[in-house]
Protein chains: 2
Amino acid sequence: MNIGEVAKAAGISTKMIRHYESVGLLPPACRTAAGYRQYGLADIRTLQFIRRSRDLGFSIDEIRNLLSLWQNRDRTSREVKALAKEHLDELEKKLQELLAMKKALQHLVSCCQGNHRPDCPILEELAGDSNHLSMTGLSLSP
Amino acid sequence: MNIGEVAKAAGISTKMIRHYESVGLLPPACRTAAGYRQYGLADIRTLQFIRRSRDLGFSIDEIRNLLSLWQNRDRTSREVKALAKEHLDELEKKLQELLAMKKALQHLVSCCQGNHRPDCPILEELAGDSNHLSMTGLSLSP
DNA sequence: CGTTGACCTTCCCTCCATGGGAATCTTCAG
DNA sequence: CTGAAGATTCCCATGGAGGGAAGGTCAACG
């Protein structure tokens with residue numbers, strides 16, 4: 001199979017397949033005499049594994065580890081779980097950061113009248129004239 | 001004031017201050033005869049505005065707009081609120097994506113025994129052998 | 001056989017926000 | 001005068017994706 005075919009089958013662009021090969025996620029593909037990459041069913045399975053891992057937010061490095069565990073029959077599920085747990089913690093951390101941003105911004109937006117007048121608590125807060133948040137505990141510069 | 005001084009005062013690295021100037025967030029600073037950038041109190045205020053905006057996740061482009069509204073006395077709070085609301089929606093979207101990842105991964109992690117044996121529902125799901133999620137509605141490839 | 005169009009190759013550039021580091025110059029205190 | 005701290009510019013890297021150019025290959029159709 002040519003690269004375009006596996007790309008469709010795995011739901012990954014040809015660009016990214018070449019990229020994954022270049023960073024060592026995929027072993028270098030066999031080539032035809034003309035230099036075309038050749039793939040088999042196993043490669044599709046690997047690429048789908050990669051895509052699903054990306055869908056869960058794993059980084060290239062983490063996927064490298066996941067792949068090697070997947071292909072290693074002597075792995076223990078403990079190792080896999082540890083890797084997943086670590087990523088889960090990263091996700092949770094980002095989630096909390098986003099949540100904090102969202103809450104603060106939500107508060108500001110709700111305070112803003114959104115009318116024709118120029119005075120705006122959002123700009124005031126960004127400018128540091130923060131009296132209006134001082135009693136909400138939502139101050140940005142604690 | 002030299003760049004290092006404002007950097008400390010505003011809580012932004014000198015690198016980023018130069019960068020912000022290069023992308024037009026900050027007007028080009030005046031220079032001494034030797035070429036050193038010179039800043040005043042207004043610049044610190046602007047930089048703090050930028051930092052607080054970044055803390056809320058606004059992009060450079062969005063901050064450019066916020067700054068011009070801030071400095072424009074003919075603005076309406078409606079414009080500011082619209083900008084903030086738009087960003088809030090982006091935040092919400094990312095939040096939902098992260099949440100979906102987290103939930104799916106959390107489920108997988110909770111299914112994994114994490115012991116010395118090699119069989120692991122996490123790897124099975126990533127590999128596409130998904131029977132165990134089929135009844136939870138958490139399938140990754142719907 | 002020739003042409004055409006779809007596909008493949010490599011190479012370089014872009015995004016976004018941030019930082020590292022080198023080479024060189026300026027300023028200030030001792 | 002010397003040395004350290006701080007400035008300057010310039011190039012490079014990150015991560016995960018994509019754009020696009022210049023050129024080679026393959027298959028089908030007339």
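Residue numbers begin at 1 in each chain, while the letters A, B, ... track the order of the sequences.
Taking atom CE of B:Met16 as the reference point, atom C1' of C:dC16 lies 10 Å away to the nearest angstrom. Whole-Å rounding puts the A:Leu47 CG to D:dG16 P distance at 16 Å. Regarding B:Ile17, its CD1 atom lies at a distance of 16 Å from the C1' atom of D:dT9, rounded to whole Å. One can place CE of B:Met1 at 18 Å from P of C:dT27, the figure rounded to the nearest angstrom. Atom NE2 in B:His19 sits roughly 14 Å away from atom C1' in D:dT14 (whole-Å rounding). In this structure, CD of B:Glu5 is placed 12 Å from P of C:dC28, rounded to the nearest angstrom. Rounding to whole angstrom units, CD of residue A:Glu21 and C1' of C:dT9 are separated by 12 Å. The separation between B:Ile3 atom CD1 and D:dA7 atom C1' is 8 Å, rounded to whole Å.
Under the 4.5 Å side-chain heavy-atom criterion for grouping Ile, Leu, Val, Met, Phe, Trp and Tyr, A:Leu83 is connected to A:Leu25 within one hydrophobic cluster.
Close to C:dT10, at under 4.0 Å from its OP1 or OP2, lies a side-chain N or O of A:Arg31. One finds no side-chain N or O of B:Arg18 lying less than 4.0 angstrom from the OP1 or OP2 phosphate oxygen of C:dT18. Taking only side-chain nitrogens and oxygens, B:Arg37 comes nearer than 4.0 Å to OP1 or OP2 of D:dT9. Residue B:Ser13 has a polar side-chain atom (N or O) positioned under 4.0 Å from OP1 or OP2 of C:dG19.
At a threshold of 4.0 angstrom between heavy atoms, the contacts of B:Tyr20 are confined to the sugar-phosphate backbone, with no base atom among them.
No side-chain heavy atom of A:Val6 sits less than 4.5 Å from a side-chain heavy atom of A:Arg37.
At a cut-off of 3.5 angstrom, the base of C:dG21 holds at least one donor-acceptor pair with the side chain of B:Lys15. Judged by distance alone, with hydrogens and angles left aside, A:Tyr36 brings a side-chain donor or acceptor within reach of the base of D:dG24, the pair sitting under 3.5 Å.
Between A:Arg52 and A:Asp55, no side-chain nitrogen of the basic residue sits less than 4.0 Å from a carboxylate oxygen of the acidic one, so the salt-bridge criterion is not met.
Position along DNA chain C of the nearest nucleotide to B:Arg54 versus B:Thr32 favours B:Arg54 as the more 5'-ward residue.
Of the possible polar contacts, one joining the B:Arg51 side chain to the B:Ala10 backbone as a donor-acceptor pair under 3.5 Å is found. The backbone N or O of B:Glu86 sits nowhere less than 3.5 Å from a side-chain atom of B:Asp89 that would complete a donor-acceptor pair.
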